[in-house]
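Notes to accompany the following structure.
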2 protein chains.
Amino acid sequence: MLQTVSKVTQVLDLFSLENPEWSVGEAARTLGYPKSSVSELMASLANRRLLCRIGKGRYRLGWRIFELSQTLLQTAEFRVEARRVMEDMVGQWREIMHLAVLDGVQAVYVEKLQPTPAVKILVSWAGARLPAHCSGVGKVLLAYSPWENISANLRHMGMPKLTPHTITDLDELERELERIRERGYGYDIEEVSIGLRCVAAPIRDCEGNVIAAISFSVPAFRFKEREEEFTEGILKAAQRISAALPKHARSLPRELTTLHR
Amino acid sequence: MLQTVSKVTQVLDLFSLENPEWSVGEAARTLGYPKSSVSELMASLANRRLLCRIGKGRYRLGWRIFELSQTLLQTAEFRVEARRVMEDMVGQWREIMHLAVLDGVQAVYVEKLQPTPAVKILVSWAGARLPAHCSGVGKVLLAYSPWENISANLRHMGMPKLTPHTITDLDELERELERIRERGYGYDIEEVSIGLRCVAAPIRDCEGNVIAAISFSVPAFRFKEREEEFTEGILKAAQRISAALPKHARSLPRELTTLHR
DNA sequence: TCTTGCGTTCGAATATGCCGAACGCAAGAC
DNA sequence: GTCTTGCGTTCGGCATATTCGAACGCAAGA
């Protein structure tokens with residue numbers, strides 16, 4: 001593990017929705033490095049446009065980040081088709097939909113579509129992260145990943161309890177994932193947020209590997225009324241997406257080793 | 001300039017739409033570094049999820065890139081309002097619209113909206129780059145930037161001639177930018193692509209600084225017929241966006257120094 | 001089975017990033 | 001106006017993390 005790479009990511013990770021701007025001093029204090037080092041580091045990153053300098057010693061994320069992410073998205077073939085179908089669906093069903101991929105034990109939300117008059121938001125923007133063990137898409141993604149890896153990672157990272165319904169026991173999770181594999185889809189019964197239920201289904205590439213998952217997120221009362229319809233709907237959508245994938249479509253397989261440090 | 005940061009960006013920059021996957025060997029040969037060094041570098045980046053390992057020594061861009069870019073986008077306040085207005089406009093006018101910001105002398109396309117039955121594509125995806133001196137949004141952005149910087153950079157980078165109408169003379173460009181400032185908007189008369197015209201207008205923050213630009217891209221024949229309408233339309237849209245910006249809305253000012261190496 | 005080509009591991013040489021101190025600058029106190 | 005304070009940047013010697021050639025292990029193909 002190269003130390004500088006580690007420091008680069010530590011700096012990049014500082015920037016968030018709450019703190020989109022950082023000065024050299026703040027960053028140095030937060031990270032616990034001497035400010036001279038941080039100054040050089042940030043200046044270098046800005047020179048390469050990974051950061052953007054706004055006034056003396058103040059920085060934001062730079063546009064090169066955005067470009068890189070677009071390259072990433074454009075080369076994730078499954079996303080294009082998924083989006084087309086999901087747009088259809090949202091227009092018709094008027095419910096929020098998400099598309100997510102698995103990265104470690106975190107579900108990365110790649111798309112978030114909602115009917116035009118915004119209702120309520122679960123994950124407020126595509127690109128957010130949620131522990132995979134509690135959400136619908138997350139559990140579906142976990143269900144089709146090697147259990148040894150998952151369990152090792154979860155043991156290491158812990159399983160935060162977001163609501164009373166969140167699964168926090170490894171054995172129980174294993175059984176839940178087994179159920180998901182049997183049925184071919186998964187529920188989230190207010191495990192992320194009270195009053196919000198969800199049904200999720202896997203998207204498969206041409207070889208049958210699960211590469212992503214989509215979901216409906218619906219207020220609990222409405223979900224109960226029309227559970228079967230939502231389930232059928234999401235399954236059909238996932239199948240349409242899977243079937244429409246180009247022959248050579250490949251997932252962007254996730255690294256399964258554990259993180260250093 | 002920290003060397004490792006430079007190497008990190010060199011590696012990240014390898015990944016493109018044409019070559020979304022790289023092996024250690026290919027990367028090492030392309031960059032001219034020993035493969036052992038590149039191997040360690042890429043392994044480190046993958047460990048921090050800036051890259052994603054797909055099989056022995058093969059890598060893609062990692063999802064952390066995507067997350068970082070979402071943070072960037074969400075904290076660029078002008079984008080949210082711009083998108084709302086642009087969606088309106090596209091629905092009504094049924095023409096392609098772009099939103100771009102300036103990064104150095106390149107226009108980075110942050111949004112691209114098109115009416116539902118896709119017509120023709122100029123910039124195929126948000127996040128693309130085009131030399132600023134030839135496109136409508138590009139010229140508008142240049143018009144409101146310090147000329148000393150622009151001209152120095154353009155001299156250094158050159159001014160590619162995309163069509164016979166592309167401006168490739170510095171003095172002529174300076175006069176064109178002057179015209180744009182006088183009028184308050186700019187045209188692209190088939191300077192990027194023959195048969196495609198464009199009218200662009202600047203978006204200003206509360207202090208009057210130009211922070212972005214939007215444009216209509218329209219087939220030449222249709223543009224000629226309704227030039228004035230398009231111009232008025234885009235101006236009004238730009239003003240609506242500017243006016244709707246939150247009080248504290250700030251651009252993400254671009255670094256104006258030249259790049260090392 | 002042998003060969004070839006790949007990615008990874010290893011260890012010693014050294015160039016590189018690190019950090020404390022000094023500097024320059026600007027804002028605010030007195 | 002001057003002094004003080006706090007900031008970011010610059011500098012240079014030191015120590016250590018990075019580098020790179022060589023050796024290794026592995027898998028695919030001859």
Side-chain angles (χ1 to χ4, degrees), chain A residues 1-15 19-62 207 250 252-261, chain B residues 1-12 14-15 19-62 250 252-261:
Chain A
M1 183 70 208
L2 297 190
Q3 218 171 58
T4 312
V5 171
S6 169
K7 289 191 181 166
V8 163
T9 58
Q10 284 181 64
V11 168
L12 291 178
D13 289 346
L14 287 176
F15 296 86
N19 295 55
E21 279 183 38
W22 287 82
S23 70
V24 171
E26 290 160 358
R29 247 172 283 123
T30 306
L31 297 176
Y33 296 121
K35 60 180 177 168
S36 56
S37 307
V38 175
S39 174
E40 289 170 304
L41 190 50
M42 292 179 104
S44 297
L45 288 170
N47 189 271
R48 288 305 199 246
R49 305 217 182 284
L50 291 177
L51 290 185
C52 172
R53 179 181 243 252
I54 51 174
K56 246 180 79 143
R58 290 197 76 74
Y59 295 90
R60 276 176 168 265
L61 290 174
E207 293 172 358
R250 287 254 308 277
L252 305 184
R254 49 265 182 184
E255 179 66 7
L256 291 170
T257 59
T258 41
L259 300 172
H260 296 151
R261 286 233 187 181
Chain B
M1 182 70 211
L2 297 191
Q3 219 172 56
T4 312
V5 171
S6 170
K7 289 188 183 169
V8 164
T9 58
Q10 284 180 64
V11 168
L12 291 178
L14 287 175
F15 297 85
N19 294 56
E21 277 183 39
W22 286 82
S23 70
V24 170
E26 290 161 359
R29 249 172 280 124
T30 306
L31 297 176
Y33 296 120
K35 60 179 179 169
S36 56
S37 305
V38 174
S39 172
E40 287 169 306
L41 190 49
M42 291 179 103
S44 295
L45 288 170
N47 189 271
R48 289 306 199 245
R49 307 222 182 280
L50 291 175
L51 291 185
C52 171
R53 180 180 241 252
I54 51 171
K56 245 181 81 144
R58 290 198 76 75
Y59 294 90
R60 278 176 167 267
L61 291 174
R250 288 255 306 279
L252 307 184
R254 48 264 181 186
E255 181 66 7
L256 291 171
T257 59
T258 40
L259 301 171
H260 297 152
R261 286 242 187 169

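Just so it is clear: chains get the letters A, B, ... in the order the sequence lines come, proteins before strands, and each one is counted from 1.
Applying the side-chain hydrogen bond (donor to acceptor under 3.5 Å, both in side chains) test to B:R58 and every residue at least two apart in sequence or in another chain returns B:E21.
Taking atom CD on B:Q3 and atom P on C:dC18, their separation rounds to 12 Å, with Å as the unit. In this structure, A:R58 atom CZ and D:dC7 atom P are separated by 11 Å, rounded to whole Å. Residue A:Y33 contributes atom OH, which lies 9 Å from atom P of C:dC18 at whole-angstrom precision. The separation between B:M42 atom CE and C:dG7 atom C1' is 12 Å, rounded to whole Å. The CG-C1' distance, from A:L31 to C:dC18, rounds to 15 Å in whole Å. Here the C1' atom of nucleotide C:dG17 and the CG atom of A:L45 are 14 Å apart, to the nearest Å.
Put simply, B:S37 has a side-chain N or O that comes within less than 4.0 Å of OP1 or OP2 on D:dC20. Not one side-chain nitrogen or oxygen of A:T4 sits closer than 4.0 Å to the OP1 or OP2 atom of C:dT16.
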message: How would you summarise protein contacts on nucleotides 22-30 of chain D per nucleotide, using B for base, S for sugar-phosphate only and - for none, with heavy-atom distances below 4.0 Å?
response: ---------
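Checking B:V38, B:N19, B:L14 one by one against B:T30, the side chain to side chain contact (heavy atoms under 4.5 Å, CB included) holds for a single residue, B:L14.
The NZ atom of A:K35 lies 10.0 Å from the OG atom of A:S23; values are rounded to the nearest 0.5 Å. Going from atom CZ of A:R48 over to atom CD of B:Q10 covers 6.5 Å, rounded to the nearest 0.5 Å.
Residues A:L2 and A:G25 each lie close to DNA chain D; by heavy-atom proximity, the contact nearer the 5' end of the strand is made by A:G25.
Base-pairing analysis of DNA chain D finds the following stems of at least three consecutive Watson-Crick or G-U pairs, with both pairing distances under 3.5 Å: C:1-30 with D:1-30.
The two residues B:V11 and B:M42 have their closest heavy-atom pair at CG1-CG, 4.2 Å. In terms of heavy-atom proximity, A:A46 sits nearest to A:Y59 at CB-CE2, 3.6 Å.
When side chains are defined from C-beta on, B:F15 counts as touching B:L51, because their heavy atoms get closer than 4.5 Å.
Heavy atoms of A:L41 sit nowhere under 4.0 angstrom from any nucleic acid atom.
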